[in-house]
K.L.:
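Okay, here's the structure, questions in a sec.
Residue numbering restarts at 1 for every chain, and letters A, B, ... go by the order of the sequence lines. For the numbers below, each heavy atom of this structure counts, side chains included, while hydrogens, waters and symmetry mates do not. Just so it is clear, the model here is predicted, and its values are computed rather than measured.
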2 protein chains.
Amino acid sequence: MAVTIRDVATLAGVSPSTVSRTCKNNPSISEETKEKVRAAMAKLGYEPNFQASNLASQNSRTIGIVLPASERSMYVNSFFLEMIRGITMYCNSHQYITTIIADETEEDALQTVRSMIRNGLVNSFILLYSKQKDSIIDFLHSEGVLYALIGKAYQFANQTIYVDTDNIQAGKDATEHLIQRGHTKIGFIGYEKTLLFSSDRRYGYELAHLEHGLPIHPDYHITVEHTPNQLPETLSKLLNYPNRPTAFVVADDFLGVALEHYCQQIGLVVPEDISIISFNNSLFAQLALPPITSVDINSIQLGMEAATQIINHAENPKLAATKIIIPHQIVEWGSCKKL
Amino acid sequence: MAVTIRDVATLAGVSPSTVSRTCKNNPSISEETKEKVRAAMAKLGYEPNFQASNLASQNSRTIGIVLPASERSMYVNSFFLEMIRGITMYCNSHQYITTIIADETEEDALQTVRSMIRNGLVNSFILLYSKQKDSIIDFLHSEGVLYALIGKAYQFANQTIYVDTDNIQAGKDATEHLIQRGHTKIGFIGYEKTLLFSSDRRYGYELAHLEHGLPIHPDYHITVEHTPNQLPETLSKLLNYPNRPTAFVVADDFLGVALEHYCQQIGLVVPEDISIISFNNSLFAQLALPPITSVDINSIQLGMEAATQIINHAENPKLAATKIIIPHQIVEWGSCKKL
DNA sequence: CAACTTAATGCAACCGCTTGCATTAACTAT
DNA sequence: ATAGTTAATGCAAGCGGTTGCATTAAGTTG
């Protein structure tokens, strides 16, 4: 059996409680004894037992990571894994562990979350998505469970911790990237407006126009379904337009790739005829031909920061809910031509 | 505070141990009392406390999922997430939980694994990769810790549980897919032979040739670096060859996309001039233009099966190490032309 | 009917750590 | 020297289950 706090205590010639307090670096233990205890721990190769500790202190150092309920397709987005990686790396180095909730439906996920809370396994969560209305958030909020969102908070916005990209700024930056290269006729392709990241990026796109005194053409704005099997007809109209855009800001790399393919099919060359800038800087952008210039949103850091916040709040319950913005940067892959 | 086993016991008019035994469906409790107890549990909404149970029974129902140590790039492969999803879905529905280990270096990961074992948090692992020589496997094996591999076992092959694709068969099937469409000059593009999945797929490719009485051209076989920034010069030679292949089997979708781009650049049209079939059926294949026909290896199922095996073995320690083969199937996306 | 099984349940000691409170020792102040 | 502080440590009762063994009641046998 593993070495316990008692073994350490006997070796150090103190009581178990002293050892326990030493681990927690409790100030009421003298530096001298602490040293003795630490020496004993080192000699025995002591590792504290998590389960016991959690049980006794009634708090599980375990964070549940909730993936969006969905079918296969959505998961392909590599930043989920990157966020998970950011979270777990931070957690593991802070003696926290994580557990994944990846159910197929929101109901199932809610069920999983609920039972994890009830059986004491998990007492804080990070959701890797944000939606207008989410039953899991409702539940967590009503139970007073600590949670953080990666993305923008819709519900209970002032009371929730969230870590996000400044999508408005990102949209503006992307647009300015094109403006700086001489483009003035810039289109925007995004998703329906309930997907806030998309509409925020668009808003930034409009801001950039305003600031640079460029007109905003309503025709230049295209909306596609959530899963863009194919681009809408409006796009083909727009591209046949005599006065068509010379560049596009598109809401993410998927759309970027889709747009690029579309251009190819109708004989337009990227970036010679059409410049493209998209978001996320995923491998999809990099593997496209030509690769698509994209705004990197630093997903690993999003995850790390979310973990940091959760752990801080777990250990410091009176902290107010923080909002964190992670910086982004444009990665030029060559799909933006200078006019 | 949550409802405990004692509350249930009082309500049911039995002792705590009886409640505990009822949970475990212990045969020495009469059906009659069990019913009483279950009714009480239901009435109180009782959920067993994991931590307490684990502590008392000295076994943590937690499985560690180890991702390959690596930098950002490798993670993009969506099947990691899919495997995680398969694992967690199975685990969550069997009262097991999972935790992710996603460190940047093998050493860090080993350290994380080691301390998770020592502090009793985790006592079995699933590795989402396989390598010729891995210090984590060495460690787990030497400590007698239960683990499973997704991929082929190199070390201690007879004693380890692994879940894998039959890559030889898959390679053969892919090749036959082309042969059936009239191709006789078929190339193969793969990775260095230490990546067993690649060499196995190639072996299957050769088998298909043998069985169909087709000659194997050594020139038709191209090897690329692990991270294919660009395809090797030998490929360009091969494609300029008067007698060049009309089709290629390539080791994964990345290579498939790379090949397709390469063809485009030198003016060859897929599938008219060159047919391509690759493996994994990832979104990369689907988003390519044209989409690339690919062998789906059912990653979610790989994960589920690994979890199944680990849980079986955890609850039944005398079981011998199993090897599981998950079926694959070709998904035709239109990159294979009938001659 | 006494002696003996057998089946069903309860007792109580853990699992390894935490923590409020008591205890002890060493000081200070009067 | 006595009472009053203060600092450092130990005691012991949990946390919520598990489980070997004891106990009790019912059933069997000669």
K.L.:
Decide whether N25(B) and K34(B) meet the rule of one side-chain donor and one side-chain acceptor closer than 3.5 Å.
P.N.:
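Yes, a side-chain donor-acceptor pair sits under 3.5 Å.
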K.L.:
Tell me which nucleotide among dG17(D), dG14(D), dG16(D) gets nearest to the side chain of A56(A).
P.N.:
dG14(D)
K.L.:
Would you mind classifying the nucleic acid contact of V19(B) as base, sugar-phosphate or nothing, using non-hydrogen atoms under 4.0 angstrom?
P.N.:
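Touches nothing.
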K.L.:
Of all the nucleotides listed (dG17(D), dG16(D), dC17(C)), which has the minimum atom distance to the side chain of A52(A)?
P.N.:
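Selected nucleotide: dC17(C).
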K.L.:
If I take atom CZ in residue R6(A) and atom C1' in nucleotide dC14(C), what distance separates them, rounded to the nearest angstrom?
P.N.:
10 Å
K.L.:
For side chain to side chain donor-acceptor pair (under 3.5 Å), just list the numbers for N92(A) and T112(B), CA-CA rounded to whole Å, side-chain angles, deciding distance to a tenth of an Å, and then say yes or no.
P.N.:
CA-CA 7 Å; N92(A) 288 341; T112(B) 308; 4.7 Å; no
K.L.:
For the side chain of S15(B), counting heavy atoms from C-beta on, which of dC15(D), dG16(C), dC11(C) is nearest?
P.N.:
dC11(C)
K.L.:
In whole Å, what is the span from the CG atom of D7(B) to the P atom of dC15(D)?
P.N.:
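These atoms are roughly 11 Å apart.
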K.L.:
Under 6.0 Å from the CD atom of Q159(A), do we count more than 12 heavy atoms belonging to anything else shown?
P.N.:
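Yes, enclosed.
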K.L.:
For Q51(A) and dG14(D), give me the distance from atom CD to atom P, rounded to whole Å.
P.N.:
23 Å
K.L.:
Does E107(A), at its CD atom, have more than 12 non-hydrogen atoms belonging to other residues, nucleotides or ligands within less than 6.0 Å?
P.N.:
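Open.
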K.L.:
In whole angstrom, give the distance that lies between atom CG of N26(A) and atom P of dG10(D).
P.N.:
13 Å
K.L.:
Testing I137(A), I161(A), I126(A) for side chain to side chain contact (heavy atoms under 4.5 Å, CB included) with L149(A), which one passes?
P.N.:
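Output: one option passes, namely I137(A).
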K.L.:
Using only atom types and a distance under 3.5 Å, with no angle test, would you say the side chain of N316(A) pairs donor to acceptor with the backbone of N312(A)?
P.N.:
no
K.L.:
For the residue pair K323(A) and T160(A), what are the closest heavy atoms and their distance?
P.N.:
NZ-O, 4.0 Å
K.L.:
Counting only non-hydrogen atoms, which of residues 28-50 of chain B are less than 4.0 Å from DNA chain C?
P.N.:
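Correct list: S28(B), I29(B), S30(B), T33(B).
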K.L.:
How long is the line joining CG of N119(A) and P of dC15(D), in whole Å?
P.N.:
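Atom-to-atom, N119(A) to dC15(D), this comes out as 18 Å.
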K.L.:
Expressed in angstrom and rounded to an integer, what is the separation of R118(A) atom CZ from dG17(D) atom C1'?
P.N.:
19 Å
K.L.:
Please determine, for the side chain of S57(B), which listed nucleotide (dT18(C), dG16(D), dT18(D)) has the closest atom?
P.N.:
dT18(D)
K.L.:
In terms of heavy-atom contacts, does CD of E31(A) have more than 12 from other residues, nucleotides or ligands at under 6.0 Å?
P.N.:
yes
K.L.:
Is there a donor-acceptor pair under 3.5 Å between the side chain of D103(B) and the backbone N or O of T105(B)?
P.N.:
no
K.L.:
Can you tell if the side chain of F139(A) reaches within under 4.5 Å of the side chain of I117(A), non-hydrogen atoms only?
P.N.:
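With C-beta onward as the side chain, the pair touches.
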K.L.:
L55(A) has an atom CG; how far is it from atom P of dG14(D), in whole Å?
P.N.:
14 Å
K.L.:
Report the distance from atom CG of L121(A) to atom C1' of dG17(D), rounded to the nearest whole Å.
P.N.:
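So the two atoms are 14 Å apart, to the nearest Å.
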K.L.:
Run the salt-bridge test on R38(B) and E35(B) with the 4.0 Å N-O cut-off and return the result as yes or no.
P.N.:
yes
K.L.:
Does a side-chain N or O from Q58(B) land closer than 4.0 Å to OP1 or OP2 of dG17(D), or not?
P.N.:
no
K.L.:
Quick check: does any side chain N or O of T99(B) sit under 3.5 Å from a backbone N or O of T98(A), one acting as donor and the other as acceptor?
P.N.:
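Yes; at least one donor-acceptor contact below 3.5 Å.
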K.L.:
To the nearest 10°, let me know how far the axis at one end of the helix from dC1(C)-dG30(D) to dT30(C)-dA1(D) is tilted from the axis at the other, five pairs an end.
P.N.:
50°
K.L.:
Strictly under 3.5 Å: I want the nitrogen or oxygen pairs between protein and nucleotides 20-28 of chain D, one per line.
P.N.:
{"residue": "dG20(D)", "atom": "O6", "partner": "R21(B)", "partner atom": "NH2", "Å": "2.5"}

K.L.:
Would you kindly compare C23(A) and V14(B) by the position of their nearest DNA chain C nucleotide and give the one closer to the 5′ end?
P.N.:
V14(B)
K.L.:
Which is true for T18(A) with a 4.0 Å heavy-atom rule: it touches a base, it touches only sugar-phosphate, or it touches nothing?
P.N.:
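Sugar-phosphate contact only - T18(A) comes under 4.0 Å of backbone atoms but never of a base.
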